[in-house]
Amino acid sequence: MTRSDKDTIHKRTENRRLLQRMKTGLEVVKHTPYKGVLLGAYLVGAALVWLFRAYLFSLDSYGMFSPVLEAAINLLIPLYAVGGLLAFLAFLGTPRGNKAAKEGLQKVGLVNHAGEAPALIAKRQDGNNPRLTIWEFDPCGIPLGEWEDKRARIETALDITIAKMTWAEGRKLIRVYAVPAKSDFPALLPWKDKYLTPESFVLVLGESLTGAVTVNLANIPHILLGGSTGSGKSVLLKLLLMQSLRKGAEVYIADFKGGVDFPKVWHNKCRICFTEEDLLYTLGQLVTVLEYRKGRLAETECKDLDTYNEVTGENFHRIVFACDEVAEMLDKTGRSKESKEVLAQIENKLATLSRLGRAFGIHLILATQRPDANILPGQIKNNLDFRVCGRADNVLSQIILDNTNAADQIPKDARGRFITGDGTVFQAYMLDEKQL
Ligand SMILES: Nc1ncnc2c1ncn2[C@@H]1O[C@H](COP(=O)(O)OP(=O)(O)O)[C@@H](O)[C@H]1O
Ligand SMILES: [Mg+2]
């Protein structure tokens with residue numbers, strides 16, 4: 001690209017941007033009453049000048065030149081009025097700090113091939129969450145992926161902590177949701193009963209910078225939790241199980257450590273499997289329940305559990321099956337032939353539940369800390385759609401999320417800090433088991 005090519009591109013961008021600013025200005029006027037009044041005052045002023053033009057410009061005193069002058073003035077006043085109006089709109093549509101933002105982004109290298117940095121189009125507080133500021137940029141041809149890659153640099157350039165970045169208005173704008181750079185997650189967010197959601201099967205996990213992080217098992221039926229030892233998986237798993245119980249679900253847990261992970265309170269409320277045989281038997285029962293429900297739903301022509309309960313007035317409970325450290329459970333290395341056979345059948349049943357559970361209200365929540373790709377078979381893993389990962393290395397992060405976000409974005413010393421598959425970082429609520 002030659003220098004003059006670049007100049008042409010810059011010129012065009014400037015023109016396009018001016019138009020954009022005017023459009024934004026119009027929006028601003030619509031939404032901010034006092035700016036509307038300012039614009040109104042301008043228009044009234046212009047109208048007055050027009051009405052009293054003869055008097056203002058003393059047209060009569062120019063004798064034979066008066067008609068010429070009058071024609072000129074009749075032409076010029078509307079031109080100036082319209083020009084002034086557009087300039088005024090462009091002024092209103094230019095957010096404060098746009099120069100600084102642009103220069104900042106230029107400095108950290110967020111530029112397109114013509115060397116242009118994105119322009120700040122608007123900056124405002126989020127109506128739903130006053131902690132958040134929304135920055136709207138004209139991306140100048142820079143794709144969202146590149147923004148994501150340069151996230152840390154953008155944070156430095158604008159002195160913010162980014163909560164998320166999305167496309168807006170089709171692909172015309174990029175929206176950056178951010179909080180001031182100094183704000184950070186609290187180290188501890190104790191669970192409170194009032195956080196329990198009223199909706200049937202929405203579970204809350206914790207809080208991100210943009211608000212509560214939830215998952216609706218009716219839509220996304222199964223959860224895969226990852227994270228290295230001490231990242232807070234077991235606590236999060238129990239938080240989800242506790243909420244499931246409170247919402248009336250039947251909870252099944254596989255725990256081969258003899259109940260160390262799940263103290264007495266859990267034993268009264270859940271069905272816990274302590275051995276492989278026991279687990280296989282229980283999963284077999286769950287598959288039977290699934291088949292039964294499938295038949296009932298087909299007979300009544302209901303598409304899912306909620307519809308069925310509503311139509312028939314029956315109450316099929318949701319069923320949640322959980323396993324902490326599922327990779328340990330399924331690991332076949334060093335096992336006897338019989339044991340391997342049992343594990344294969346367990347896998348098989350889990351795969352069935354993960355594939356068909358959604359419509360029939362049967363859900364899996366599986367956790368693991370082991371970064372070995374082969375242990376959790378693809379036919380199970382691929383059906384666990386809601387992914388959450390705590391502190392992890394690249395390999396584990398890759399297995400859980402299909403990216404290295406957990407390794408990149410979760411601080412090494414954070415506990416109970418997680419990131420979801422869609423890139424939302426959150427602090428999980430801390431459940432004190434004494435609360436149960
Ligand atoms: N949400 C949380 N907030 C604060 N601290 C937590 C949270 N979850 C876990 N922790 C701390 O981290 C420790 C390890 O948590 P745990 O769930 O046992 O980790 P993991 O199962 O991943 O090994 C807990 O004993 C607790 O002190
Ligand atoms: Mg654990």
Side-chain angles (χ1 to χ4, degrees), residues 183-197 203-209 211-215 223-244 246 251-267 270 272-274 320-331 364-372 375-376 384 386-401 405-407 409-421 424-436:
S183 49
D184 202 356
F185 291 94
L188 188 69
L189 276 175
W191 165 261
K192 295 198 180 79
D193 282 342
K194 65 174 184 200
Y195 298 149
L196 202 69
T197 62
L203 307 179
V204 277
L205 293 92
E207 283 176 23
S208 73
L209 292 173
V213 175
T214 60
V215 55
I223 304 176
L224 179 60
L225 284 178
S228 52
T229 328
S231 58
K233 293 181 303 299
S234 299
V235 173
L236 180 56
L237 180 71
K238 288 181 197 176
L239 179 78
L240 297 172
L241 294 182
M242 179 274 297
Q243 294 177 57
S244 304
R246 295 281 292 272
V251 173
Y252 295 77
I253 298 170
D255 178 13
F256 298 167
K257 287 204 211 146
V260 267
D261 279 345
F262 291 90
K264 229 12 294 137
V265 272
W266 293 94
H267 296 217
C270 317
I272 304 192
C273 309
F274 294 107
V320 176
F321 172 81
C323 179
D324 203 352
E325 313 202 351
V326 66
E328 261 75 19
M329 183 180 85
L330 296 178
D331 191 356
L364 306 180
I365 307 181
L366 306 181
T368 184
Q369 63 183 29
R370 289 257 303 259
D372 357 22
I375 289 196
L376 193 62
L384 309 178
F386 193 75
R387 307 287 178 87
V388 177
C389 192
R391 176 163 47 74
D393 57 14
N394 276 334
V395 185
L396 181 58
S397 177
Q398 195 78 44
I399 288 174
I400 303 291
L401 304 171
N405 284 352
Q409 294 185 37
I410 309 291
K412 294 284 166 272
D413 56 350
R415 289 176 158 205
R417 187 81 50 83
F418 293 89
I419 182 165
T420 62
T424 309
V425 179
F426 67 95
Q427 180 68 31
Y429 293 121
M430 176 77 180
L431 175 71
D432 181 356
E433 272 168 314
K434 289 194 208 82
Q435 283 172 291
L436 285 170

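Atoms within each ligand, like the ligands themselves, are counted from 1 in listed order. Numbering of residues begins at 1 and proceeds along the displayed sequence. What's counted below: heavy atoms across the whole structure, side chains too, no hydrogens, waters or symmetry copies.
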Problem - Residue Ser234, metal the Mg ion (ligand 2), N/O/S under 2.8 Å - result: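 Checking the Mg ion (ligand 2) against Ser234, an N, O or S atom does fall under 2.8 Å.
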Report every pair formed by an N or O atom of ligand 1 and a protein N or O atom separated by less than 3.5 Å, giving atom names and the distance to 0.1 Å.
from	atom 1	to	atom 2	distance (Å)
ligand 1	1 (N)	Ala428	O	3.0
ligand 1	3 (N)	Gln427	NE2	3.4
ligand 1	17 (O)	Ser234	N	3.1
ligand 1	17 (O)	Val235	N	2.9
ligand 1	19 (O)	Gly232	N	3.1
ligand 1	21 (O)	Ser234	N	3.0
ligand 1	21 (O)	Ser234	OG	2.7
ligand 1	22 (O)	Ser231	N	3.3
ligand 1	22 (O)	Ser231	OG	3.3
ligand 1	22 (O)	Gly232	N	3.0
ligand 1	22 (O)	Lys233	N	2.9
ligand 1	22 (O)	Lys233	NZ	2.8
ligand 1	23 (O)	Gly230	N	2.6

Practice task
Could you tell me whether the side chain of Gln243 and the main chain of Lys238 form a donor-acceptor pair under 3.5 Å?
Solution key: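 Checking the backbone N and O of Lys238 against the side chain of Gln243, no donor-acceptor pair under 3.5 Å is found.
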Handout entry: Flag, side chain of Arg391 to backbone of Lys412, donor-acceptor distance under 3.5 Å
Key =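 Yes; at least one donor-acceptor contact below 3.5 Å.
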Problem - Whether Tyr195 and Tyr429 hold their rings parallel, tilted or perpendicular, with breakpoints at 30° and 60° - result: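 Parallel: the ring planes of Tyr195 and Tyr429 meet at under 30°.
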Problem - Minimal non-hydrogen separation, Glu433 against Asp261, with atom names - result: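 Scanning both residues completely, I find the closest heavy atoms to be OE2-O, 4.3 Å.
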Handout entry: Any side-chain heavy-atom pair of Leu189 and Phe426 under 4.5 Å
Key =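 No, their side chains stay 4.5 Å or more apart.
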Problem - Derivation of the side-chain contact (heavy atoms from CB on, under 4.5 Å) call for Leu376 and Leu384 - result: CA-CA 11 Å; Leu376 193 62; Leu384 309 178; 4.3 Å; yes
